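Here the structure is a predicted model, which means the values were calculated and not measured.
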Protein chains: 2
Amino acid sequence: MSHNDSSLPEPDIGLCICSNLRRATRAVTQAYDAALRPAGIRASQFSMLALLKKRGELRQSTLADLIGLDGTTLTRNLQPLLKNEWIRIDRDEDQRVRLISLTAEGHRVVGLATPLWQGVQAHFVDSLGSEQWSALLDALNGTGAVARAD
Amino acid sequence: MSHNDSSLPEPDIGLCICSNLRRATRAVTQAYDAALRPAGIRASQFSMLALLKKRGELRQSTLADLIGLDGTTLTRNLQPLLKNEWIRIDRDEDQRVRLISLTAEGHRVVGLATPLWQGVQAHFVDSLGSEQWSALLDALNGTGAVARAD
DNA sequence: AAAAGAAAAATGTATATACATCTTTTATGA
DNA sequence: TCATAAAAGATGTATATACATTTTTCTTTT
């Protein structure tokens with residue numbers, strides 16, 4: 001068995017906020033993806049489409065801000081949605097701007113997926129209990145705020 | 001502005017556990033990646049190398065379990081570590097099994113990265129406060145457990 | 001000992017993610 | 001007006017992620 005090079009106590013990597021977040025996110029994403037699979041949509045895609053349904057047409061950069069996604073990542077993430085014809089991309093008067101909106105197919109898929117989302121979401125909320133659930137959302141908001149404050 | 005197709009209240013996607021987790025994880029990962037950049041290593045890579053340093057040689061499948069990573073993902077994630085010669089992959093007596101261990105370079109990089117990790121981790125813990133910090137870790141453990149219980 | 005089954009990892013394919021840089025278009029300023 | 005700067009996206013490149021399937025090796029069963 002190997003030892004530390006110094007006599008200082010090694011920090012506990014097991015408490016790393018980043019790796020704990022990433023591990024939990026992998027597991028939760030798999031659960032949501034599995035629940036949404038009958039609708040042929042993934043969790044990350046559903047969050048974009050549901051936002052477009054709620055807010056209507058959005059600038060691409062606004063969509064990126066709202067989801068907290070790097071702009072270049074959003075450019076890539078829109079491609080599968082386009083390929084499935086769930087969204088439409090139009091130009092603004094300002095020719096630099098792209099306006100994203102749901103197609104009829106997109107509305108249909110969100111409608112299909114929404115009850116599936118409700119089911120898995122309710123399962124998590126019930127299992128956690130509403131107090132740990134809201135503690136989680138609070139902690140995530142706080143943690144994200146710290147990260148973005150840098 | 002578009003309305004719901006039915007008169008049922010629309011569920012609030014803003015409270016989706018999955019999308020909130022994913023958003024926070026993106027932001028936090030960017031902060032940890034930025035902090036570790038001077039050592040030439042990413043957060044997800046650091047968590048693997050730090051685990052190997054702590055535990056010594058591990059079976060590939062054990063490593064996957066410990067990080068909570070799909071086995072096929074780990075196969076891919078090991079490639080950059082191999083390319084940088086931070087790890088070595090040996091065969092067990094059982095020729096199906098791969099044994100992963102740190103090289104001298106790997107130890108060196110972990111040593112370089114550890115104080116950087118400590119810095120960013122301390123920043124998050126301080127900013128959150130220890131109570132919200134432990135609430136976060138508890139909630140993440142609970143949530144991950146729910147996800148894996150399916 | 002040969003066939004069938006199980007375990008471990010790799011491969012094919014698709015999506016998600018971000019940094020550095022580039023292109024296009026609009027706004028500004030001398 | 002023309003040059004320069006700024007805004008909005010797209011592209012090149014690299015990593016991260018998982019499902020379905022395949023390959024290799026070992027174990028079990030007959």
Side-chain angles (χ1 to χ4, degrees), chain A residues 18-19 21-37 40-49 58-65 67-84 86 89-100 147-148, chain B residues 18-19 21-37 40-49 58-65 67-84 86 89-100 147-148:
Chain A
C18 186
S19 63
L21 260 172
R22 293 177 65 85
R23 175 172 29 250
T25 296
R26 283 192 296 268
V28 170
T29 296
Q30 283 182 69
Y32 276 71
D33 278 352
L36 295 176
R37 199 158 295 140
I41 193 178
R42 293 173 179 237
S44 82
Q45 301 173 337
F46 179 66
S47 66
M48 291 189 272
L49 297 191
L58 289 174
R59 285 171 160 240
Q60 187 168 316
S61 58
T62 305
L63 183 54
D65 278 353
I67 334 180
L69 204 60
D70 182 273
T72 71
T73 300
L74 182 59
T75 296
R76 263 63 187 250
N77 288 3
L78 291 178
Q79 298 314 306
L81 308 183
L82 257 183
K83 194 178 58 175
N84 286 309
W86 293 335
I89 305 186
D90 296 299
R91 294 238 166 169
D92 191 73
E93 292 169 29
D94 182 336
Q95 294 286 298
R96 293 171 298 183
V97 173
R98 302 294 189 280
L99 297 172
I100 318 292
R148 285 181 281 270
Chain B
C18 187
S19 62
L21 260 173
R22 292 176 66 85
R23 175 174 27 251
T25 297
R26 283 191 294 269
V28 170
T29 296
Q30 282 182 69
Y32 276 71
D33 278 352
L36 295 177
R37 199 158 294 141
I41 192 178
R42 293 174 179 237
S44 82
Q45 302 173 338
F46 179 66
S47 66
M48 293 189 270
L49 297 191
L58 288 174
R59 284 169 158 242
Q60 188 168 314
S61 58
T62 304
L63 183 54
D65 278 353
I67 333 180
L69 203 59
D70 182 273
T72 71
T73 301
L74 182 58
T75 297
R76 261 66 185 249
N77 289 2
L78 291 179
Q79 298 315 306
L81 308 184
L82 257 184
K83 194 178 57 175
N84 286 309
W86 293 335
I89 304 185
D90 297 299
R91 294 239 165 169
D92 192 74
E93 292 169 29
D94 182 337
Q95 294 287 298
R96 293 171 299 184
V97 174
R98 303 292 190 281
L99 297 172
I100 318 292
R148 284 181 281 270

Heavy-atom nearest nucleotide on DNA chain C taken for Gln95(A) and for Asp70(A); more 5' hit belongs to Asp70(A)
Report which part of the nucleic acid Thr72(B) touches: base, sugar-phosphate, or nothing (heavy-atom distance under 4.0 Å, all strands). base
Expressed as a whole number of angstroms, how long is the span from Gln79(A):CD to dG9(D):P? 14 Å
From the list dA18(D), dA16(D), dT25(C), which nucleotide is the closest neighbour of the side chain of Arg91(A)? dT25(C)
Could you tell me how far apart Leu82(A) (CG) and dT15(C) (P) are, to the nearest whole angstrom? 12 Å
Do Ser47(A) and Ser19(B) pair up side chain to side chain, a donor and an acceptor below 3.5 Å, judged on atom types alone? no
Take the protein atom CZ of Arg42(A) and the nucleotide atom P of dT17(C), then report the distance between them rounded to whole Å. 10 Å
So what does Gln30(A) hit on the nucleic acid, given a heavy-atom distance under 4.0 Å: a base, only sugar-phosphate, or nothing? sugar-phosphate
Main-chain N/O of Arg96(B) paired to Asp94(B) side chain as donor or acceptor, under 3.5 Å: yes
Quickly work out the Leu49(A) CG to dT15(C) P distance and round it to whole Å. 14 Å
Value in whole Å for how far the C1' atom of dT26(C) lies from CZ of Arg96(A): 4 Å
Asp94(B) side chain: which of dG9(D), dT25(D), dT25(C) is closest? dT25(D)
Checking contacts here: which listed nucleotide (dA16(D), dA16(C), dA18(C)) is nearest the side-chain heavy atoms of Gln45(A)? dA16(C)
To the nearest angstrom, how far is Asp92(A) atom CG from dT24(C) atom P? 19 Å
Do the side chain of Arg26(A) and the main chain of Gly68(B) share a donor and acceptor less than 3.5 angstrom apart? yes
Using whole Å, report how far CG of Leu81(A) lies from P of dT15(C). 10 Å
Just checking Ser44(B): base, sugar-phosphate only, or nothing, at a heavy-atom cut-off of under 4.0 Å? sugar-phosphate
Between P of dC26(D) and CZ of Arg98(B), the distance in whole Å: 11 Å
Across the strands shown, which category fits Thr73(B) at heavy-atom distances under 4.0 angstrom: base, sugar-phosphate, nothing? base
Base, sugar-phosphate alone, or nothing: which one does Asn77(B) contact when heavy atoms must sit under 4.0 Å apart? base
When Met48(A) is tested against each of Ile67(A), Leu58(A), Ile41(A) for side-chain contact (heavy atoms from CB on, under 4.5 Å), which residue passes? Ile67(A)
Identify whether any heavy atom of Arg76(B) sits under 4.0 Å from a base atom; if not, whether one sits that close to sugar-phosphate; answer base, sugar-phosphate or nothing. base
Test item: Thr29(B) and Arg42(B) side chains (from C-beta on) under 4.5 Å apart, heavy atoms: no
Which nucleotide sits closest to the side chain of Thr75(B): dA9(C), dT25(C), dA18(D)? dA9(C)
Find out whether Arg59(B) and Arg98(B) are in side-chain contact, i.e. whether some heavy atom of one side chain is under 4.5 Å from a heavy atom of the other. no
Per Leu69(B) side chain, nearest of listed nucleotides dT15(D), dA18(D), dC19(C): dA18(D)
Return the nearest nucleotide to the side chain of Lys83(A); candidates are dT15(C), dT17(D), dT15(D). dT15(C)
May I ask you to verify if any side-chain N or O of Arg26(B) is less than 4.0 angstrom from the OP1 or OP2 atom of dA16(C)? no
